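Below you'll find the structure, written out as structure tokens, and then a few comments.
Computed from a predicted structure; not experimentally measured. Heavy atoms only: backbone and side chains are in, while hydrogens, waters and symmetry mates are out. Chain naming here is simple, since letters A, B, ... match the order of the sequence lines and numbering starts at 1 in each.
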Protein chains: 4
Amino acid sequence: MSRTGPRRSESVRLAVLHAADDLLVERGFAGLTIEGIAQRAGVAKQTIYRWWKSKVDILLDTLADDAREALQWRTDEAAGVEENLAAQLRRVADFFEAPAGRVLQALLGHAQLESDTAAALRAGFLKEQRERDVAGLRDLLARDLERAVDDRTLGHLADLLLGPLYYRVLVFGAPIDEELVDSTTRLVLTLAREASPKVP
Amino acid sequence: MSRTGPRRSESVRLAVLHAADDLLVERGFAGLTIEGIAQRAGVAKQTIYRWWKSKVDILLDTLADDAREALQWRTDEAAGVEENLAAQLRRVADFFEAPAGRVLQALLGHAQLESDTAAALRAGFLKEQRERDVAGLRDLLARDLERAVDDRTLGHLADLLLGPLYYRVLVFGAPIDEELVDSTTRLVLTLAREASPKVP
Amino acid sequence: MSRTGPRRSESVRLAVLHAADDLLVERGFAGLTIEGIAQRAGVAKQTIYRWWKSKVDILLDTLADDAREALQWRTDEAAGVEENLAAQLRRVADFFEAPAGRVLQALLGHAQLESDTAAALRAGFLKEQRERDVAGLRDLLARDLERAVDDRTLGHLADLLLGPLYYRVLVFGAPIDEELVDSTTRLVLTLAREASPKVP
Amino acid sequence: MSRTGPRRSESVRLAVLHAADDLLVERGFAGLTIEGIAQRAGVAKQTIYRWWKSKVDILLDTLADDAREALQWRTDEAAGVEENLAAQLRRVADFFEAPAGRVLQALLGHAQLESDTAAALRAGFLKEQRERDVAGLRDLLARDLERAVDDRTLGHLADLLLGPLYYRVLVFGAPIDEELVDSTTRLVLTLAREASPKVP
DNA sequence: TGATAACCGAGACGGTACGTCCTGTCTTCCT
DNA sequence: AGGAAGACAGGACGTACCGTCTCGGTTATCA
């Protein structure tokens, strides 16, 4: 059965996402309201409710657009494994300084308060990002160790690698410094080599 | 000049803290309202506002009462350094399953959304806990290495030690398993020994 | 530019006015609250505040709807001037026994306490009623005296006519009796005839 | 049974009455609160509640002190009856311009809203004032008519005399002008002479 | 000359209503 | 059908006073 009438307006979608982003930066999460977004975007409230369930849903949308690329693992074949790993951690550090990182931070915060947010965030963005992190780590270690590392171990290594960075940001609200990046990198590599000794 | 008139009622204070604690567990942070707390505690709203600025302020108070002891470093002289360290991490893991841990989790979440909360939490509980963590780690390593470790290094070691645990809880909402405790413990001890080699 | 969106609901308006009227009679002015009206009318508080500034504003609205007719001057051509005048005063007396009269009484009371109420009441209902009273009196006297009476005199006659009635109600809270109606009527007619003697 | 301890402090009583009076003038009846009076008088709230039941009770107290004298009937033997009567009405007019008159006006207003206030005001001040008015009128008419007027008629004459003045003040909030005083005076004297014709 | 009872200041407390803000649903009209 | 405008029921907010109460400190009278 065919349908009639105009389709979803892309300009409305973008206006809402940008308004939400701007207001989050300007007034913080608590000052972010559906009514405020509607007004700023020059859009009716009902239009927002038609396409998104809540302000969290809007933010998840902005995250999907912005964060994926910033946290992608990139390999520089010319550089060593340690440099590549450290570079990825630096990307994480930079991400948290950027607007998209603030969005993730807010969503992670909200996820502690609302299980719906937690479920949506974990089933979507965080799950995908976890997969990218594990895959990126696997590839890098494979180059270093010349053998595959099992997934279980990879998971723990990822926790050890990223945990201290998120801890800094989420718990202390402090920027991630170079020294933390370096020591974390070295530590994880050490453990990886121990756990999966190169076949002589 | 001495105060006259009735003093602050301790029973009111406790009724409010317990009501807040209970409601947080029952209904979550979003379902926690000043009016709800007042009703549950059998207290007038104004009485709450007289002593606390917000529901966050109340939770900070419950945390101060409950969390300090649960996260205290305890040394078992009979056991080795590694066992002591692992036991402390297990205490952290258990804490996050307990009601007081839920309070901290909610507050950490809210701290991502409101800078006031962040400032209060960091200036109060987190600062003290950080000091306890660093001091506990210092004492433990001193026993192991038979020499003092400088504060800067201790700070990084604390990040590496606790980061992965908080990451698990805050980002993935998953319980901290034994394996993570063990690998984190070993890793940090390895790094500590490398960084501060025992004088021969 | 034409308006879009839903219009003001007439049923809501009436529900509020009736609820206010009922509650004023049941519980008196002090027991009349916006929250009470909202609850009785099955309406949200905000809906009331959207259209009225205060409970006084609501009562002014009920007055406009109810009192105009009750205090209208009516001429019975068959009857004499004195009978017509007395009939009008009896209408005033009856009005103060009816619910709408209670509303006016309450508003007059409140007008002594709040200058805003006084200004609104006087600029609205009282001004119109005064005009009706003066006009009614003018017509009646014209019939009796066969000549026009000047406005200044009419004003004073209206004061002398209505003053004693309001005095009874407002100051002594007592009902207006037939004797007061009669003596006031006679008195005013006497004075009117003196002041504007029939041209011989 | 005898009692011990300090007696009621007169300075406290006066401080409260003055504070109430001042605040009534400054902020109006709605802005007059027990807490405000207590603060302004430098007195504890409980002290007020010990001696007065409500703010209305306080105002009744100030009225008793101030109004009695202002509304007292005074006879100037040298002047005629009409002049004496007009002088009394002028006293009423002046009274409503003075602070004590404002208090009575506020209390009369409140009496329309709360039956307790109405009862207290009518059983106290208004009853006494009514008696003074009737007695004053009786004396004056006795001089004029050279015979006594019965109480029933006197009551109606008092209504006709004072009603228009109160009507002006309470309903229109306008000052009582000389013309109203004069016509009311003449009118009432006319009626009195008609009703009780001098024995020839 | 104490004891003791009332007065008084300060202000905590359980309440009620205030007026505001935002939510999510809905209705109306326009394109 | 999509969208702007915005009315509506509802719920929580933080504030202002109410009237009651508990504290200490301070008189004044009477034993």
Fill in: Interatomic distance, B/Ile58 CD1 vs F/dA12 P [rounded to whole Å]
15 Å
Discussion item. Go nucleotide by nucleotide along DNA chain F from the 5' end; which of D/Arg7 and A/Ser9 gets its closest nucleotide reached first?
Written reply: A/Ser9
Worksheet item: Under 4.0 Å between a side-chain N/O of D/Thr4 and OP1 or OP2 of E/dA3, yes or no?
Response: no
Practice prompt. Figure out the CD1/P separation between B/Ile48 and F/dA12, and round it to whole Å.
Written response: 14 Å
Fill in: N/O donor-acceptor pair, side chain D/Lys45 with base E/dG11, under 3.5 angstrom
no
Discussion item. Between D/Trp51 and E/dC8, is there a contact of a side-chain N or O with OP1 or OP2 at under 4.0 Å?
Written reply: yes
Discussion item. Once rounded to the nearest 0.5 Å, what's the spacing between atom CG of C/Leu107 and atom NZ of C/Lys55?
Written reply: 10.5 Å
Worksheet item: Heavy-atom contacts under 4.0 Å between residues 34-42 of chain D and DNA chain F, which residues?
Response: D/Ile34, D/Glu35
Item to complete: Identify, between B/Glu10 and C/Pro6, the residue whose nearest nucleotide on DNA chain E lies closer to the 5' end.
Response: B/Glu10
Worksheet item: Could you give the CZ-to-P distance, from B/Phe29 to F/dA12, as a whole number of Å?
Response: 14 Å
Worksheet item: Would you call D/Glu26 and D/Arg40 a salt bridge, using N to O less than 4.0 angstrom?
Response: yes
Response to the item:
Rounding to 0.5 Å, atoms CG (B/Leu104) and CD (A/Gln112) come to a distance of 10.0 Å
Discussion item. Assess the residue pair A/Val25 and A/Arg102 against the criterion (side-chain contact (heavy atoms from CB on, under 4.5 Å)); give the C-alpha distance rounded to whole Å, side-chain angles, the decisive distance to 0.1 Å, and a yes or no.
Written reply: CA-CA 8 Å; A/Val25 169; A/Arg102 302 288 176 194; 5.7 Å; no
Worksheet item: Closer to the 5' end of DNA chain F via nearest nucleotide, is it D/Ser54 or B/Lys55?
Response: B/Lys55
Item to complete: Indicate whether OP1 or OP2 belonging to F/dC8 is found under 4.0 Å from a side-chain N or O atom of C/Arg50.
Response: yes
Practice prompt. Return the value, rounded to whole Å, for the distance between atom CZ of B/Arg3 and atom C1' of E/dG11.
Written response: 6 Å
Worksheet item: Does D/Leu17 offer a backbone N or O that forms a donor-acceptor pair with the side chain of D/Asp21 under 3.5 Å?
Response: no
Practice prompt. Quickly work out the D/Leu23 CG to F/dC17 P distance and round it to whole Å.
Written response: 11 Å
Worksheet item: If only side-chain N and O atoms of B/Thr47 are considered, is one of them under 4.0 Å from the OP1 or OP2 phosphate oxygen of E/dA12?
Response: no
Discussion item. Quick check for you: among E/dA10, F/dC17, E/dG14, whose closest atom lies nearest to any side-chain atom of D/Gln46?
Written reply: E/dA10
Worksheet entry | Interatomic distance, B/Tyr49 OH vs F/dC17 C1' [rounded to whole Å] | 17 Å
Practice prompt. Pick out which of A/Asp61, A/Asp57, A/Thr47 makes a side chain to side chain donor-acceptor pair (under 3.5 Å) with A/Trp52.
Written response: A/Asp61
Worksheet item: Taking the side chain of B/Ala44 as its heavy atoms from C-beta onward, which of F/dA9, E/dG14, E/dA6 lies nearest to it?
Response: E/dG14
Practice prompt. Give the rounded distance in Å between these two atoms: CH2 of B/Trp52 and P of E/dA12.
Written response: 13 Å
Item to complete: State whether C/Trp51 and C/Arg13 meet the cation-pi test: NZ (Lys) or CZ (Arg) under 6.0 Å from the six-membered ring centroid, and within 45° of the perpendicular axis.
Response: no
